[in-house]
Amino acid sequence: MRDAVERAWTRSIAEGALPGLADDVARPAVEVERPADPAHGDFATNLAMKLARPYRMAPLAIATQLSGQLAREATEARPATPIATVEVAPPGFLNIRLADASLEAAVTGILADPAGWGRVAPMGSRSVNVEFVSANPTGPLHIGNARGAFVGDLLCRVLEAGGQRVTREYYFNDSGGQIRNLGASVAALRRGDPLPEDGYKGDYVADLVAALPDDLWESASARGADTDGIVGHWAAGRVREGIERSLAELGVRFDVWTSEARLHDEGWVERAVQRLRDHGYVYEQDGAIWFRSTDFGDDKDRVIYRSNGEPTYFAADIGYVTEKFSRGFDDLIYIWGADHHGTVARVRNAAEAMGYDRNAVRMLLYSWVRFVRDGQEVSMSKRAGEFITLDELLAEVGVDAARWFFASRGATSAIDFDIELAKKQSNENPVYYVQYAHARIASIMRKAAESGLTPASGVDGALTGAPEAALARAVARFPEVVEDAVAAEETQGITAYATDLATTFHGFYRDARVVDAADPDRSAVRLALASATRVTLANALRLLGISAPESM
RNA sequence: CCGCCCGUAGCUCAGUGGAUCAGAGCGACUGACUUCGGAUCAGUAGGUCGGGGGUUCGAAUCCCUCCGGGCGGGCCA
C-alpha cells in the first residue's frame, strides 16, 4: 500500500500534475497507517499534509490530485489491484478502502501456500553476523543473561524474515584472569582449602570439583604445573557446555563459538594493530600502545597494549572485527547490555580506521533488567554465588511465556523484574491467549472432519458476511506487520498483531457458526477462513520462536 | 562535573522522524450461550503521557530546562 501511494505521487510528478521537490528539501517519507476508526477506511495517509509546506499548496488540493491518481492506478488492468475507493478527508487525509476481492484473494492465497504467508520481499540479501550473550564461562547463565539471549535471537529471526543470511555467534574468553580465578576456586575446594578471598562461591563450583577427573587433577597439581590455569581451562570448557545446553532450552542455537584466546593465537589481533599502525592511528606513550580514537570524535585515545605488554580487551575487539569481516560478512551486529555503551564508539572508530564502513558495525544496546523481590533489589553476582539461573527461570515460567515477555517489549525499555510477579504473571501471559486461539481452531478443524465437512479451497466471492469480512481484513494485514517488524528490527508489532488477530477470531467464533452440517457450503467458507487464521497465527508465533499447539 | 538510556492507567508495557494515538494485557467492577474448547465473549471505572517553557495550524512524539531512576566516563572484564 505504501508502494501504491508512492507510485501515485511519482506518477503525479512525472505527469506534471504535481511539482517535483527542490533538491535542498528533504523528501518526506510516505506514511501509511491503519486507522483506528473503521470509518476512515483500511488505510490512511497524511502525505498531502506533509507536502503542503514544501509545495506551498493547500493540502486538500494535493490530496485530491493524489486521490485521482491512486484511483486511476487501481482501475488499470493489473491482477492485484486491491483499492476499492479513495476518499479525501479534511484537512488532507487520504482514506483508502480495500476491495473485498483483494481480501478474498489473500485468503485463497494462504490456503494454497501456507508456509509462504507472511514472507516478505527480501529487503537486501546481506550476510550478517550477530554476536550475543557472550558471557564468559565462569558460571551458569543467570536471568540477567536472558534478555540478551532473547533480544539477539529475535533480532536474528527478524533479519532472516527480511531475507538476510544470519550467523549467530557467541564470543567468550576461556583463558583470562577470571578463568584462572575460577580454576583457583575449584583447586582450593579439591584440596580442601578455604576458597580464595575473591573466589567463586556458587554451588556449581562444588559440582565442578566433583566432576574433576583424577588424572587431570594429578597433572595439574604436579610440582611446577600451572594448577589454576589448567583447572580453570577445564572448568571453563565444562561450564561452556552447560551454557550451550541452557541456550538450547531457550531455543537459541549458535552457529559459531569464538574464543578470545584463538584470536590472539592466530595473530588476528597483531595483524589488526599493524593495520591501524599502517594507517597512522597508533602511537606509543608511557610505555603503552595507543589507538588514536580521538581522530574519530572519541573524547580520549584508547590503550591497545598496556605498558606491561599485555593486550587490553579492546585489542581483542579490534582483532575480532577483522576476523569477522574476513569471513565475508557485510554487517556485524553486537547485542550488548547498556552498560557497554561506553565501548561502542571506540570499536566503530577502530573499524573505520582499519578501512571498514563504520555503518556496517552496529551495536544494539538493551537495557539492563533490574531484579527485585518484595521491593528489594536483588544483586546478581556470579562470584558471590547470588543469582537465579536461567534454567531455574525457565522451570518457573516456561520458554514460550519468557519469549513472549521479551518479544513484546522494546530492547531499550528498562524493566523491573519482580521474580514473584513473573511467576504469577506467567499464567496470565498473553501468549496463552494467542496459543489458545490457535488450539481452538485446530479443535474446530478436527470437529469439522468428524462431521464430514472440509474447508473450501478458495473463498472468492464468498466473504459476504460481516464477521467473515472483519476476520479476513485482520488476516490480510499480516504481511505488512512482518514488513514493519523487519524494517524496524523490532518484534513488539508482531505480538500486538497476534493478540489482535486472536481477539478478532474469538469474535468471529462468537458471531459465526463454523461447523454446521445443515449448511455445508457456508461451513466450507468459514472453515477456510478459520484455516487461514490458524496459518497466520502459527506463522506469527513461528517468527518469534514460540510454539503453536494443536491443543492445550 | 560530563555523556548515554529511561519516566505513559493501580501493575507490566506498547505508541515516540506531528494530525485519524490516549492504547493493550493484567488487576477491579457489572453482565453472557443447556449446541463448534469459558484459557472465551460484551460492557464499566481508571491517565493534566514526570514538571515547566518553546517551535507549530497541531506535540506523548521535536528543542530547552528542571525533577526522579538506571548506566557509563580504567593501562578492569
Side-chain angles (χ1 to χ4, degrees), chain A residues 26 28-29 31 33-41 43-46 49-50 52-53 59 89-93 95 136 138 173 176-178 260 285-290 299-300 302-316 337-345 365-370 405 408-418 421-422 424-425 427-437 439-448 450-451 453 490 492-493 495-496 499-500 502-503 505-507 509-517 523 526-527 530 551-552:
Chain A
E31 282 176 52
E33 65 171 11
R34 290 275 181 171
D37 184 350
H40 296 129
F43 295 92
T45 179
N46 59 0
M49 283 178 289
K50 289 191 146 193
R53 200 184 305 268
F93 287 102
N95 292 331
N136 278 341
T138 53
N173 181 355
Q178 291 311 319
E260 180 182 340
Q285 185 181 312
D286 303 333
I289 308 293
W290 298 71
D299 52 7
K300 58 182 69 170
R302 306 291 171 175
V303 171
I304 302 171
Y305 287 105
R306 299 171 204 154
S307 48
N308 66 4
E310 289 287 312
T312 61
Y313 195 81
F314 174 55
D339 53 339
H340 281 68
H341 80 251
T343 66
V344 169
L365 302 179
Y366 61 89
S367 292
W368 208 243
V369 182
R370 202 166 151 269
F405 183 85
S408 57
R409 289 157 169 73
T412 57
S413 69
I415 292 182
D416 271 3
F417 195 101
D418 187 310
L421 199 62
K424 182 168 153 286
Q425 284 191 338
N427 298 321
E428 297 146 4
N429 194 303
V431 72
Y432 298 122
Y433 179 80
V434 174
Q435 289 182 321
Y436 178 77
R440 196 180 211 185
I441 297 172
S443 168
I444 290 170
M445 292 302 162
R446 289 191 292 270
K447 196 90 179 178
E450 287 169 17
S451 310
L453 296 168
E490 299 264 18
Q492 303 97 288
T495 55
T499 305
D500 185 64
T503 298
F505 177 76
H506 287 309
Y509 175 85
R510 180 195 66 229
D511 296 333
R513 170 127 203 129
V514 179
V515 178
D516 184 1
S523 282
R526 289 178 174 174
L527 282 168
S551 63
M552 295 173 69

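Side-chain atoms are counted along with the backbone in the values below, which use heavy atoms only and exclude waters and symmetry mates. Numbers restart at 1 for each chain; the letters A, B, ... are given by sequence-line order, proteins then strands.
Legend: residues meeting salt bridge (charged side-chain N to carboxylate O under 4.0 Å, His left out) with A:D500, ordered by chain and number and at least two apart, are A:R477. A:R446 is linked by a side chain to side chain contact (heavy atoms under 4.5 Å, CB included) to A:A442, A:S443, A:E550, A:S551, counting only residues two or more places apart in sequence or in another chain. When the side chain to side chain donor-acceptor pair (under 3.5 Å) test is applied to A:T503, the partners found at least two apart in sequence or on another chain are A:Y433. Remark: A:R302 engages A:D298, A:D299 in a side chain to side chain donor-acceptor pair (under 3.5 Å) (not counting sequence neighbours). Not counting sequence neighbours, the partners of A:A288 by the side chain to side chain contact (heavy atoms under 4.5 Å, CB included) test are A:W290, A:V303. Considering only residues two or more places apart in sequence or on other chains, A:D286 meets the salt bridge (charged side-chain N to carboxylate O under 4.0 Å, His left out) condition with none of them. Every side chain to side chain contact (heavy atoms under 4.5 Å, CB included) that A:Y436 has, sequence neighbours left out, goes to A:R440, A:H506, A:M552. Taking A:Q435 as the reference, A:D400, A:S547 meet the side chain to side chain donor-acceptor pair (under 3.5 Å) condition, with sequence neighbours excluded.
A distance of about 9 Å separates the P atoms of B:U8 and B:C13, rounded to the whole Å. Straight-line distance between the C1' atoms of B:C11 and B:G73: roughly 35 Å, to the nearest whole Å. Annotation: B:U40 and B:C26 have their P atoms spaced 7 Å apart (nearest Å). Nucleotides B:G53 and B:A60 are separated by 14 Å at their P atoms, to the nearest Å. Across B:A59 and B:C49, the matching P atoms stand 12 Å from one another, rounded to whole Å. The separation of B:U12 from B:G50, taken at their P atoms, amounts to 15 Å, rounded to a whole angstrom. For B:G51 and B:G37, the P atoms lie 49 Å apart once the distance is rounded to whole Å. Comparing B:A45 with B:G10, their P atoms sit 15 Å apart, to the nearest whole Å.
Contact between the side-chain N/O atoms of A:R510 and the OP1/OP2 oxygens of B:A42 is found at a separation under 4.0 Å.
Rounded to a whole Å, the CG atom of A:D500 is 22 Å from the P atom of B:C13. Atom CD of A:E490 and atom P of B:G15 are 7 Å apart (whole Å). Following rounding to the nearest Å, A:N46 (CG) and B:C21 (P) show an atom-to-atom distance of 10 Å. Atom CD of A:Q492 and atom P of B:A14 are 6 Å apart (whole Å).
Base engagement by A:A512 is indicated by at least one non-hydrogen atom pair under 4.0 Å involving a base atom. Here A:A437 lies out of heavy-atom contact (under 4.0 Å) with every strand.
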Pairs under 3.5 Å (N/O, protein and nucleotides 74-77 of chain B):
from	atom 1	to	atom 2	distance (Å)
B:G74	OP2	A:K300	NZ	2.3
B:C75	O2	A:S307	N	2.9
B:C75	O2	A:S307	OG	3.1
B:C75	N3	A:S307	OG	3.3
B:C75	N4	A:D286	O	3.2
B:C76	OP2	A:R306	NE	3.3
B:A77	OP1	A:R306	NH2	2.4
B:A77	OP2	A:R306	NH2	3.1

Are any protein N/O atoms closer than 3.5 Å to N/O atoms in nucleotides 24-27 of chain B? If there are, list each pair with its distance.
from	atom 1	to	atom 2	distance (Å)
B:C26	O2'	A:E428	OE1	3.2

Dot-bracket, 5' to 3', for RNA chain B please: Watson-Crick or G-U pairs under 3.5 Å, [ ] where pairs cross earlier ones, | where the partner sits on another strand, dots elsewhere. (((((((..((((.........)))).(((((.......))))).....(((((.......))))))))))))....

Contact letters for nucleotides 4-9 of chain B, in which S counts primed atoms plus P, OP1 and OP2 and B counts the base, heavy atoms under 4.0 Å: BSS---

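Annotation: side chain of A:T45 is not in contact with side chain of A:F93 (no heavy-atom distance under 4.5 Å).
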